[in-house]
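Single-structure report; data block below.
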Number of protein chains: 2
Amino acid sequence: MTRLDHPATATGDAERDRRAERILDTASELLVAWGYRRVTIEEVARRSGVGKGTVYLHFHTKEVLFLTAVMRAQSVMTERLLQDMRADPARILPSSIARSIYLRIHEEPIIRAILTGDTDTLGTLSRTAPDHVGDLLEARERTLDTYFEVLREHDLVRTSPPVHLQRHALSAVLTGYLVIGPLTPYSTPDTETAADMLAHTVRSSFETGHHEDRLNEAVPRIIGLFQGLLERMNEEISRQKLT
Amino acid sequence: MTRLDHPATATGDAERDRRAERILDTASELLVAWGYRRVTIEEVARRSGVGKGTVYLHFHTKEVLFLTAVMRAQSVMTERLLQDMRADPARILPSSIARSIYLRIHEEPIIRAILTGDTDTLGTLSRTAPDHVGDLLEARERTLDTYFEVLREHDLVRTSPPVHLQRHALSAVLTGYLVIGPLTPYSTPDTETAADMLAHTVRSSFETGHHEDRLNEAVPRIIGLFQGLLERMNEEISRQKLT
DNA sequence: TCATGACCAAATAGATCATTTGGTCATGAA
DNA sequence: TTCATGACCAAATGATCTATTTGGTCATGA
């Protein structure tokens with residue numbers, strides 16, 4: 001429970017930022033464990049080793065605090081996707097991305113809650129999110145559209161359906177695999193197997209046989225695209241962290 | 001409001017059965033409009049033009065009444081699928097079935113509620129269903145497994161993944177398309193378009209290029225299969241209708 | 001300068017009471 | 001005798017009021 005002997009004034013931006021991160025850590029942890037409604041700011045403050053008022057020096061409201069926690073989780077996931085892409089060009093393909101997201105979600109319950117619209121843990125957050133970070137959500141949509149356009153230009157995905165339909169289809173399939181588990185009372189395959197099936201589904205319904213060359217050509221653009229989204233997210237996150 | 005001048009004792013099984021159907025009609029209607037929790041047996045009785053006690057002459061409990069209503073809706077849907085299959089062999093393919101189910105669900109809110117696990121309209125039904133009709137649910141799983149096996153024997157679907165994984169994948173994709181609509185706050189394509197995308201997804205990830213002959217060979221077996229399931233459902237339905 | 005916890009209004013949870021509802025069964029019509 | 005019915009009951013649900021908690025502020029003091 002006891003933190004620093006001297007909970008002294010945070011000297012410098014560095015210390016201050018570390019404290020903000022600690023608060024976000026606590027918020028994330030409690031969000032998953034208790035659900036938005038049941039977590040109090042005071043508890044977050046206590047577990048973060050700061051006073052209650054201090055939390056409000058970092059985040060406008062409870063809502064903003066938890067939304068930021070959620071955004072940070074997504075930012076981290078995007079960063080991982082980027083790492084993967086840099087290591088292996090094939091990782092830019094939708095099937096690989098879907099697979100990674102699916103697997104990651106099984107160890108990051110926050111993101112699962114977002115994507116599946118889990119109202120118990122998210123509470124009213126799911127309603128109010130668009131009011132606070134609507135721009136970001138739109139940006140994500142646009143990024144995905146451009147993503148498919150780029151893939152298309154390099155003959156890596158089918159060209160038959162319009163781009164926005166492909167995006168919709170990808171969301172639908174991914175969501176389906178995520179939601180089906182808790183929904184059906186009966187036998188579900190283990191995570192790894194399901195992830196492979198998901199990748200198979202996405203691959204066969206979106207992608208073409210890939211040419212190694214065309215793939216490599218596309219990599220920088222795709223990476224740039226997601227890098228842009230990542231920066232947009234981080235920007236939004238630090239915008240929420242006050243002063 | 002007024003029904004027969006003579007709400008007389010139901011003479012013969014025919015009249016009695018008509019009355020049961022009327023009660024099921026009312027129950028279905030109110031289930032969709034109000035949700036399980038808010039519907040009272042008395043209201044169902046009033047709207048069906050019978051006394052409250054009479055409802056209990058037909059169905060053991062409130063739960064059983066509404067479960068039967070739900071089963072009947074599924075039975076009707078299965079019947080339609082069978083009609084389609086008889087009219088056109090290609091309708092036995094998973095892509096076509098998925099498409100039909102998806103479209104039908106947009107005009108049959110009951111079934112949507114089931115498949116998407118809509119807890120607001122279904123209430124506690126979703127939890128308790130397996131206790132009452134667990135056998136039927138298992139039968140449906142087995143039927144789907146056999147369905148894929150038959151398709152496989154006629155070279156109509158891929159043979160790479162195990163059958164039960166294919167079933168799981170089909171459920172996942174269909175569920176995804178169903179759930180994604182209410183979930184995402186943003187642009188969704190219109191029903192018909194989404195249905196086509198769904199069919200495309202299912203076709204490209206499960207089916208092979210179909211030989212007309214092989215298709216026709218499979219038709220009778222597939223139809224028999226679903227016919228069996230249909231009978232199993234109707235059997236369960238009439239088992240619930242008392243005496 | 002800046003972290004803090006007492007403080008306030010508003011929301012939530014608890015407790016108590018009134019109403020409704022699922023399910024039964026004695027009654028009476030046919 | 002057969003069978004539909006609505007009064008009836010215990011249990012669940014909802015309404016209402018009170019006590020507590022909680023999000024958010026700000027005077028205080030390190």
Please give, in whole Å, the distance from D/dG24 P to A/F59 CZ? 13 Å
Could you tell me whether B/V55 contacts a base, only the sugar-phosphate backbone, or nothing, with contacts defined as non-hydrogen atoms closer than 4.0 Å? nothing
Counting the atoms with a prime plus P, OP1 and OP2 as sugar-phosphate, which does B/T40 contact under 4.0 Å by heavy atoms, base, sugar-phosphate, or nothing? sugar-phosphate
From CG of A/L57 across to C1' of D/dG23 the rounded distance in Å is 15 Å
Would you kindly check whether a donor in the side chain of B/K52 faces an acceptor in the base of C/dG22, or vice versa, at under 3.5 angstrom? yes
Paired with D/dA30: which nucleotide, if any, by Watson-Crick or G-U wobble criteria at under 3.5 Å for both distances? C/dT1
Protein-nucleotide distance (A/Y56, atom OH; C/dC8, atom P), rounded to Å: 17 Å
Modelled atom types, side-chain donor and acceptor of A/R91 and A/S100, under 3.5 Å: yes
note: B/L65, atom CG; C/dT21, atom P; distance rounded to Å ~ 16 Å
As its Watson-Crick or G-U partner within any shown strand, both distances under 3.5 Å, D/dT25 has C/dA6
Charged N to carboxylate O under 4.0 angstrom, B/E43 versus B/R47? yes
Does B/E21 pair with B/R18 as a salt bridge, N-O distance under 4.0 Å? no
Report the distance from atom CZ of B/R46 to atom P of D/dT5, rounded to the nearest whole Å. 14 Å
Could you state the atom-to-atom distance from CD1 of B/I41 to C1' of D/dA4 in whole Å? 16 Å
B/K62 side chain: which of D/dG24, C/dG23, C/dT4 is closest? C/dG23
Between A/E42 and A/R46, is the closest basic N to carboxylate O distance under 4.0 Å? no
What's B/V64 touching, base or sugar-phosphate or nothing? Going by heavy atoms closer than 4.0 Å. nothing
Starting from P on C/dT12, measure out to CZ on A/R38 and report it in whole angstrom. 13 Å
Which nucleotide in the set C/dT4, D/dT5, C/dA3 lies at the smallest distance from any side-chain heavy atom of A/V50? C/dT4
Judged by modelled atom types alone, do B/S28 and B/D25 share a side-chain donor-acceptor pair under 3.5 Å? no
Between D/dT21 atom P and A/R37 atom CZ, what is the distance in whole Å? 17 Å
